[in-house]
Structures are given as C-alpha cells and as structure tokens.
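Everything on this sheet refers to the single structure shown next.
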Amino acid sequence: MTGRAEARIPFGAHAVPYAPGTLRPSRDGDPAAADRRVLDHYELWKAYFLRSGDEVGGRGRCAVFTPDAAYPFVAEAQGYGLVITALMAGADPDAHALFDGILRYVLAHPSVHHPDLHAAQQDAGGRDVGGRDSATDGDLDIAYGLLLADRQWGSGHGGYGGHGYDYEALAVRRIDAVMECEVHPTTRLTRLGDWSSGRYDEVSRTSDWMPDHFRAFRAATGDPRWDEVLDVHLSLAGELRARHAPATGLLPDFVVDTTSGAPRPAPGQVLESPHDGDYHWNACRAPWRLGADAVTSGDARTRAAARGLSRWARAATGGDPGRIRSGYRLDGTAYGDPGSSPAFFAPFAVAALTEGEGAGEGVDHEAAGAAQGWLDALWARMCAAPPDPARAYAAGVQLQSMLVVSHNYWVP
C-alpha cells in the first residue's frame with residue numbers, strides 16, 4: 001500500500017502549537033527523540049493489530065483487530081485506527097492507504113438503524129453481530145478521523161484503485177447522524193448508541209465525552225447544537241467532580257438519571273459490570289480526553305479538570321506511575337491491580353501536560369519541578385511498555401496518549 005497525497009501536517013512537524021505553558025517530556029532531550037519513541041510504538045501497533053485483504057472482507061480493506069474484545073472487530077478500534085493513521089501521515093508512507101482501507105471496512109458495515117453510523121461489532125467471518133447497531137464512541141472517532149483526513153490530504157484523492165473519498169462530506173453526514181441518533185435531544189448528552197431507549201436512554205458513558213471532537217464538529221457543520229453539547233458535558237463533568245469526587249476529580253464509567261435533572265454515578269451495574277459507577281475501564285480515558293482538549297483549546301474548564309486529575313494521581317502515587325492502579329472508587333480508594341494497564345497510566349501523562357508554568361494562576365517553581373518530574377516518569381513508563389499483542393484496547397489508548405504528549409496531536 002502507498003499513499004497518494006502529501007501530508008499537510010506531517011507527523012513530527014509539531015506544526016500546530018499547544019496552549020501556552022503546556023509541558024513536554026524532557027527525558028529524551030529533544031522532540032525528535034520523543035517522536036521516534038512514538039513511531040516505534042506505532043510500528044508495533046500496526047504489526048499486531050492491523051488486518052487486511054480477505055481477512056477483513058476483501059481487497060483494499062483494512063481493519064483493527066481486537067483480540068481482547070467480545071468480538072474481533074469493534075467500532076471503537078476502527079475509530080482509533082482512523083485517527084491514528086491520519087496523525088501518522090508524513091512518517092508512514094502507507095498511512096493514507098491504511099486510512100482508506102479502514103474507512104472502506106467501516107462503510108461496508110453500516111448500523112441497522114442508520115446508514116451513516118457504524119455497526120459496532122463484527123465476528124471473524126465479517127458478519128455484523130450483537131444487534132448490528134452502533135456504539136457512540138466509535139462513531140465519534142470515525143467522524144473525527146474523517147475531519148483529520150480532509151485536513152491532512154484533502155478530499156477526492158487516493159483510495160484503492162485511484163478512487164478518492166470526499167472525507168468532508170462523509171464526516172458531515174456522520175456528524176449529523178450522531179446528532180440525530182446518539183445525542184439526546186433534550187439533555188444534549190451522548191447516548192450509548194443508536195439503540196438507546198427505555199432505561200438506557202437516561203445513561204451516558206463518560207468516555208464518550210470528547211470535548212475536542214465536539215468543537216471540531218461545530219466548526220465542520222456550523223451547527224450551534226454542538227456548542228450546547230460541549231457546554232452540557234463540561235458542566236456535568238464539573239458537577240460530578242464537585243458532588244461525588246471533590247478530593248480526586250475522578251469520573252465514573254457511567255452516569256445515570258441524566259433525564260431527571262439529578263444525574264449521578266451509576267449505583268452498580270447498569271451495562272457492563274458492578275464497577276459501572278467507579279473509575280474503571282471506560283473512565284480511565286478521561287484524563288486523556290480532557291487533557292487533549294485542554295492543551296489544544298486552552299479552555300479553562302478542561303484545563304482545571306485535567307490538572308486536578310494529574311495532581312491527585314501524582315499525590316496518590318508519590319510520583320511513581322508504577323503505583324497507579326487499574327480501578328478506583330471515586331473517593332480515590334484503589335481496588336484495581338497494581339502495575340496497571342497502559343489504559344490507566346498513559347492517560348495521566350496527557351493530563352500532566354497541563355501542569356506547566358503559565359498554564360494557570362501564578363508560578364510555583366517547586367510545584368512546576370514536581371510536575372515535570374511526574375510527566376517524565378509517566379513518559380518513561382510508556383516508552384518502556386511496548387504494545388501487548390493480546391491487548392488492543394490498551395495499545396490504542398497508549399499510542400494516542402503518546403501522540404498528544406509528544407505534541408503531535410491537533411484538532412481539525
């Protein structure tokens with residue numbers, strides 16, 4: 001596979017500056033060394049998790065394989081794949097073709113409820129399974145990846161056989177479908193998918209709260225409802241932290257009673273596990289999602305949230321990332337395994353970017369030094385943890401966190 005269009009924002013160019021005061025890792029000495037670390041992880045991620053050709057339904061298709069999920073191909077992973085390959089353009093000459101291959105796979109598996117959303121699960125035989133409906137997080141990243149592709153390569157270029165895609169048009173159609181089917185019409189909170197109804201209509205998953213995506217969707221469509229979506233999610237995140245996690249800033253995996261006017265952490269299992277109301281395998285992405293928005297937008301709300309999470313984690317672990325656990329109650333009580341998954345420690349590195357001098361109120365040099373040391377320790381832990389070929393989820397979260405931490409992330 002070879003790409004057909006030059007990357008406008010090549011990986012390693014650091015062409016889009018972050019908000020003033022954002023830290024960067026100092027352990028590797030220079031940005032190019034950090035970029036090489038990311039590229040090494042990316043090459044392993046490709047080798048372990050990308051599948052192509054007949055294995056995923058035919059020539060010209062690619063898909064991200066998830067050996068640790070309920071099914072070998074899930075929407076979340078395809079969204080990750082589109083975002084990652086668009087951001088790696090310029091370093092990987094195959095990035096454009098890989099992007100189009102994953103997109104071709106996504107377009108071949110529409111949701112049963114809406115043709116512009118993605119059926120969330122496929123089995124090893126390429127059959128849509130598990131209801132053949134959508135998962136909101138997958139569609140959010142797919143739409144975002146399409147916007148990245150339009151900015152990166154333009155529309156109507158490349159593609160297998162020379163047939164280009166209109167990435168912008170595909171993105172807008174998917175964004176509109178997300179608004180129609182995956183955003184609650186009254187609360188403006190994200191739903192679980194296009195299937196949400198009944199008691200699930202008042203449940204929202206905090207890992208779907210992606211502020212930078214909502215900003216990009218507003219810019220791409222001109223739809224002012226995305227301003228409402230952004231503000232509602234940031235407001236609710238603040239309320240949840242103040243009421244239920246004032247000492248930690250942690251968010252729960254799922255929020256219930258969203259339509260009642262009194263949203264709260266899930267009181268137990270509502271969808272996945274008894275830990276649905278804890279900081280578990282969904283909410284562990286919050287420091288990454290909030291931090292990514294903070295460093296790209298400079299929004300004081302996401303900056304404060306990410307800084308709070310970073311400072312809590314630094315204090316709770318004594319600055320040792322090896323003490324981060326894979327699961328916490330909202331009060332900070334740990335129940336998860338020590339020596340946690342990259343899905344838990346990597347996102348804290350993104351949040352740690354927000355602790356730099358000039359990023360907030362005044363300068364405390366001692367605190368700034370501690371923050372830099374914390375970021376460097378997290379970066380070292382990520383660099384020393386290559387992707388596990390049996391753990392696609394953690395590998396995807398870690399690689400995207402490394403992209404942000406190395407200042408290679410940007411918002412279309």
Side-chain angles (χ1 to χ4, degrees), residues 22-28 34 37-38 40-42 44-45 48-49 68 76 80 84 206-207 245 248-253 275 278-295 305-330 332-356 370-409:
T22 301
L23 294 176
R24 67 165 64 244
S26 64
R27 174 181 178 273
D28 286 317
R37 302 276 192 172
V38 180
D40 289 345
H41 277 66
Y42 169 70
L44 289 174
W45 174 83
Y48 294 155
F49 304 115
D68 48 337
E76 171 188 273
Y80 285 3
I84 289 168
T206 60
S207 55
T248 66
L250 296 171
L251 292 174
D253 270 17
H275 290 294
D278 297 325
Y279 183 82
H280 202 56
W281 285 90
N282 287 295
C284 65
R285 290 171 281 186
W288 156 38
R289 295 300 193 182
L290 292 168
D293 182 74
V295 301
R307 277 187 129 190
L309 285 165
S310 181
R311 288 172 172 174
W312 168 77
R314 176 156 56 92
T317 62
D320 178 3
R323 295 178 60 191
I324 294 172
R325 303 284 287 272
S326 56
Y328 291 90
R329 308 290 183 194
L330 298 188
T333 302
Y335 60 80
D337 295 332
S340 67
S341 164
F344 280 84
F345 66 73
F348 279 117
V350 180
L353 296 174
T354 65
E355 289 202 65
Q372 182 68 60
W374 171 236
L375 173 60
D376 288 344
L378 286 159
W379 179 250
R381 183 160 176 77
M382 286 197 287
C383 293
D388 180 342
R391 300 285 183 266
Y393 172 69
V397 171
Q398 178 177 348
L399 178 54
Q400 289 177 93
S401 295
M402 293 180 79
L403 282 161
V404 183
V405 174
S406 63
H407 288 228
N408 281 295
Y409 185 70

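- Closest heavy-atom contact between Ala395 and Phe49: CB-CE1, 3.5 Å.
- How far CG of Leu309 is from CG of Leu290: 6.5 Å, rounded to the nearest 0.5 Å.
- Two residues are said to be in side-chain contact when any heavy atoms from C-beta on lie closer than 4.5 Å; Glu355 and Arg314 meet this criterion.
- Put simply, the side chain of Asp376 gets close to the backbone of Ser26: a donor and an acceptor are under 3.5 Å apart.
- Of the possible polar contacts, one joining the Thr248 side chain to the Leu330 backbone as a donor-acceptor pair under 3.5 Å is found.
- The backbone N or O of Ile324 lies less than 3.5 Å from a partner atom in the side chain of Ser340, making a donor-acceptor pair.
- The line from CG of Leu378 to CZ of Phe345 is 8.5 Å long, rounded to the nearest 0.5 Å.
- Closest non-hydrogen pair, Ser310 versus Ala352, comes out as OG-CA, 3.3 Å.
- When side chains are defined from C-beta on, Ser341 counts as touching Trp281, because their heavy atoms get closer than 4.5 Å.
- Looking at heavy atoms from C-beta onward, Pro347 lies in side-chain contact with Val397 at the 4.5 angstrom threshold.
- Nearest heavy atoms, Arg325 versus Ala334: CG-CB, 3.7 Å.
- For the atom pair CG (Leu399) and NE2 (His41), the distance works out to 8.0 Å, reported to the nearest 0.5 Å.
- Taking 4.5 Å as the limit, some side-chain heavy atom of Met402 sits within range of a side-chain heavy atom of Trp379.
- Ion pair Arg329/Asp278 flagged as a salt bridge, since at least one NZ, NE, NH1 or NH2 atom sits closer than 4.0 Å to an Asp/Glu carboxylate oxygen.
- Applying the 6.0 Å contact sphere to CZ of Arg24 captures more than 12 heavy atoms from other residues, nucleotides or ligands.
- The aromatic rings of Phe344 and Tyr279 stand perpendicular to each other, their planes meeting at an angle above 60°, with 30° marking the opposite boundary.
- Residues Val350 and Ser401 meet the side-chain proximity criterion, which asks for heavy atoms closer than 4.5 Å.
- Residues Tyr409 and Val295 have side chains not in contact (no heavy-atom distance under 4.5 Å, counting atoms from C-beta outward).
- Ala306 and Ala351 get closest at one heavy-atom pair: O-CB, 3.5 Å.
- Evaluation of the side-chain hydrogen bond (donor to acceptor under 3.5 Å, both in side chains) rule for Asn282 yields Asp253, Glu272, Arg285 as partners, not counting sequence neighbours.
- Between the CG atom of Asp388 and the CG atom of Asp68 there is a distance of 8.5 Å, given to the nearest 0.5 Å.
- Residue Cys284 holds its SG atom at 11.0 Å from CG of Leu250, rounded to the nearest 0.5 Å.
- The closest donor-acceptor contact from the side chain of Gln400 to the backbone of Gly396 lies under 3.5 Å.
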Next item on the list: Any chance you could lay out the side-chain contact (heavy atoms from CB on, under 4.5 Å) test for Leu353 and Leu375, step after step, and finish with the verdict?
Entry: CA-CA 7 Å; Leu353 296 174; Leu375 173 60; 3.9 Å; yes
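- Here the shortest heavy-atom pairing between Tyr328 and Arg323 reads OH-O, 3.9 Å.
- Rounding to the nearest 0.5 angstrom, the gap separating the CD atom in Gln398 from the CE atom in Met382 is 6.5 Å.
- Side chains of Ser326 and Asp337: a donor-acceptor N/O pair is absent below 3.5 angstrom, by distance only.
- Side chains of Phe348 and Trp312 form a contact here, defined as non-hydrogen atoms less than 4.5 Å apart.
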Checklist line | Worked verdict on Tyr42 versus Ile84 for side-chain contact (heavy atoms from CB on, under 4.5 Å) | finding: CA-CA 9 Å; Tyr42 169 70; Ile84 289 168; 3.7 Å; yes
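- For the 3.5 Å distance criterion, the side chains of His280 and Tyr335 qualify, holding a donor opposite an acceptor.
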